[in-house]
Amino acid sequence: MSLPRLLVLSLGGTITMVPGEGRGIAPKLGAADLVAAVPALAGLAEIEARSPLRLPSPSLSLEDLLAVARDIDAGFQAGFDGAVVVQGTDTIEESAFLLDVLVPGDKPVVVTGAMRGAGAAGADGPANLLAAVQVAVSSQAQGLGTLVVLNDEIHAARFVQKAHTALTSAFSSLSGGPLGLVAEGRPHFYARVPRLPCLDMTAGAPVPVALFRVAMGEDGRFLRSVPGLGYAGLVLEGMGAGHVPAGMAPLLEWIAQEVPVVLATRVASGPVFTGTYGYAGAEIDLIDKGLVPAGFLTGLKARLLLALVLRSGTGLCPDDAFAPYR
């Protein structure tokens, strides 16, 4: 029986980093280097390794991930059975979500990386890459959208978050929990998530969207400048289930008349409410003033979705786009 065909794309990140000429580590290794370091991969798939980028993940852009999504889609059209994207962990939750809403179809897309550089004692990159490939070639991973695999845990892109700066167990899915784990060389799925609608990857370029976190005593003076700075939208991380100080509510109503405003929460997990609290600055008041509830999406992911929805050529209403996440 022939092996499945797998596309491995490396974008850089800690998993590719080794000491350089200066201080600290920097991305040097390519996809072929990473694959060659894990001989067991040869028995799992026929792998084509490419390195479109060699960047630390804070330098990745939305346009970079759009290009990656197009590469994956083209690969699937050419007969690849799955794809693994390797990148830095700082922005994995954002990259994975972008791929989840852009790459159509049921073929597995798995994103992985490492918390320790390639030359570190106990480097986790090889094990993470092996587990990611084991998931990507599994029929059980089909129809789940983009997945994130690190530390032998399997996460859905819409839920996963980086929750620690140092540990190899840095990733959590606080709202839904991991979908499963990799053990004894194969994935074990305990839960499945429905595939949500994908957006057109051929539409215009992502637009700039501001992200703002509300703190105690905040009056929102900074937000007055958002419409005039070229931002096409605003995502607000409110307190609790989606609340702001009462004095901010009229300002947000004015901003929502200028650009779309999405209401998320600064809390690590749980959805924005839509109909419980009725005081000034609470979710009922803010939604009545034109804000769009983000559902269970974090502010980071709500920003990405809004940036894609507001592109030219989508014809999407923000409220309709966020409805599946509520």
Discussion item. Please determine whether side-chain contact (heavy atoms from CB on, under 4.5 Å) holds for the pair N128 and V149, giving the CA-CA distance in whole Å, both sets of side-chain angles, and the decisive distance to 0.1 Å.
Written reply: CA-CA 7 Å; N128 286 342; V149 175; over 6 Å; no
Worksheet entry | Pair R192-L179, side-chain contact (heavy atoms from CB on, under 4.5 Å): steps then yes or no | CA-CA 6 Å; R192 299 185 69 84; L179 300 184; over 6 Å; no
Practice prompt. Establish, from distance only, whether the side-chain atoms of Q87 and S95 form a donor-acceptor pair under 3.5 Å.
Written response: yes
Worksheet item: Is there side-chain contact between V235 and L306, with heavy atoms separated by less than 4.5 Å?
Response: yes
Worksheet item: Under a 4.5 Å cut-off applied to non-hydrogen side-chain atoms, are E48 and V35 in contact?
Response: no
Worksheet, complete the sentence: For R311 and L102 the tightest heavy-atom approach is NH2-CD2, 4.5 Å
Item to complete: Could you walk me through whether V86 and L9 pass side-chain contact (heavy atoms from CB on, under 4.5 Å), step by step?
Response: CA-CA 6 Å; V86 180; L9 300 175; over 6 Å; no
Worksheet entry | R186/E184 ion pair, N-O < 4.0 Å | no
Practice prompt. Please confirm whether the backbone N or O of V214 pairs with a side-chain atom of R266, one donor and one acceptor, at under 3.5 Å?
Written response: yes
Worksheet entry | Minimum side-chain heavy-atom gap L174-Q161 below 4.5 Å | yes
Discussion item. How long is the straight-line distance from CG of D71 back to CZ of F80, given to the nearest 0.5 Å?
Written reply: 11.0 Å
Worksheet item: When you measure from the side chain of T265 to the backbone N and O of G240, does any donor-acceptor pair fall under 3.5 Å?
Response: yes
Worksheet item: Got more than 12 heavy atoms from elsewhere within 6.0 Å of OH, Y190?
Response: yes
Practice prompt. Determine which pairs satisfy ring-ring contact (aromatic ring centres under 6.0 Å, His included) with at least one residue from residues 140-183, sequence neighbours left out, and list them in order.
Written response: F159-F296
Worksheet entry | Result of checking L305, L310, L199 against L316 for side-chain contact (heavy atoms from CB on, under 4.5 Å) | L199
Item to complete: Quick one: which residue pairs count as a side-chain hydrogen bond (donor to acceptor under 3.5 Å, both in side chains) with a foot in residues 103-114, not counting sequence neighbours?
Response: none
Worksheet item: Under 4.5 Å between any side-chain heavy atoms of N151 and D124, yes or no?
Response: no
Worksheet item: How long is the gap from CD1 on I255 to CG on L251, to the nearest 0.5 Å?
Response: 4.0 Å
Worksheet entry | OG1-CD distance between T298 and E93, expressed to the nearest 0.5 angstrom | 6.0 Å
Item to complete: Would you indicate whether Y325, at its atom OH, is surrounded by more than 12 heavy atoms from other residues, nucleotides or ligands within a distance under 6.0 Å?
Response: yes
Discussion item. Does anything in residues 236-245 form a side-chain hydrogen bond (donor to acceptor under 3.5 Å, both in side chains)? List the pairs, not counting sequence neighbours.
Written reply: R213-E237, H243-Y279, H243-E283
Item to complete: Give the minimum heavy-atom separation between P108 and A136, together with the two atoms involved.
Response: CG-O, 3.5 Å
Fill in: Rounded distance (nearest 0.5 Å) linking atom CG of L98 with atom CG of L308
5.5 Å
Worksheet entry | Over all atoms of both residues, closest heavy-atom pair of P19 and I25 | N-CG2, 3.7 Å
Worksheet entry | F189, CZ atom: more than 12 neighbouring heavy atoms under 6.0 Å | yes
Fill in: Heavy-atom donor-acceptor pair, S61 side chain to D64 backbone, under 3.5 Å
yes
Practice prompt. Only one of L297, L300, T146 passes side-chain contact (heavy atoms from CB on, under 4.5 Å) with F97; say which it is.
Written response: L297
Item to complete: Quick one: list whatever passes salt bridge (Lys or Arg N to Asp or Glu O under 4.0 Å) with R195, sequence neighbours left out.
Response: D100
Worksheet item: With sequence neighbours left out, what residues match D285 under salt bridge (Lys or Arg N to Asp or Glu O under 4.0 Å)?
Response: K289
Worksheet item: Does a side-chain heavy-atom distance below 4.5 Å link L150 with T89?
Response: yes
Worksheet entry | Backbone of A78 reached by a side-chain donor or acceptor of R5 within 3.5 Å | yes
Fill in: Check: A163 main-chain N/O paired with S172 side-chain donor or acceptor under 3.5 Å
no
Discussion item. Does any part of the side chain of V111, heavy atoms only, come nearer than 4.5 Å to the side chain of L147, both counted from C-beta?
Written reply: no
Worksheet entry | V103 versus C198, closest heavy-atom pair with distance | O-SG, 3.4 Å
Practice prompt. Identify the two heavy atoms, one from P4 and one from D81, that lie closest to each other, and give their separation to 0.1 Å.
Written response: CA-OD2, 3.4 Å
Worksheet item: Rounded to the nearest 0.5 Å, how far apart are CG of L53 and CG of L65?
Response: 9.0 Å
Discussion item. Do V85 and V68 have side chains that approach each other closer than 4.5 Å (heavy atoms only, starting at C-beta)?
Written reply: yes
Discussion item. I need the full list of salt bridge (Lys or Arg N to Asp or Glu O under 4.0 Å) pairs touching residues 141-170, with sequence neighbours left out, sorted by first then second residue.
Written reply: D90-K162
Discussion item. I'd like to know if the side chain of Q134 pairs up with that of S138 as donor and acceptor (distance under 3.5 Å, no hydrogens or angles considered).
Written reply: no
Fill in: Closest contact, heavy atoms only, T202 versus D200
OG1-OD1, 2.6 Å
Worksheet, complete the sentence: The side-chain contact (heavy atoms from CB on, under 4.5 Å) partner of I154 among V182, V160, V110, V148 is V182
Worksheet item: Run the side-chain contact (heavy atoms from CB on, under 4.5 Å) check on R50 and L7 step by step: do they pass?
Response: CA-CA 8 Å; R50 304 178 189 168; L7 180 62; 3.5 Å; yes
Worksheet item: Taking the side chain as C-beta and beyond, is there a heavy-atom pair between P245 and D219 under 4.5 Å?
Response: no
Worksheet item: Out of curiosity, S10 OG to R54 CZ, how far, rounded to the nearest 0.5 Å?
Response: 7.5 Å
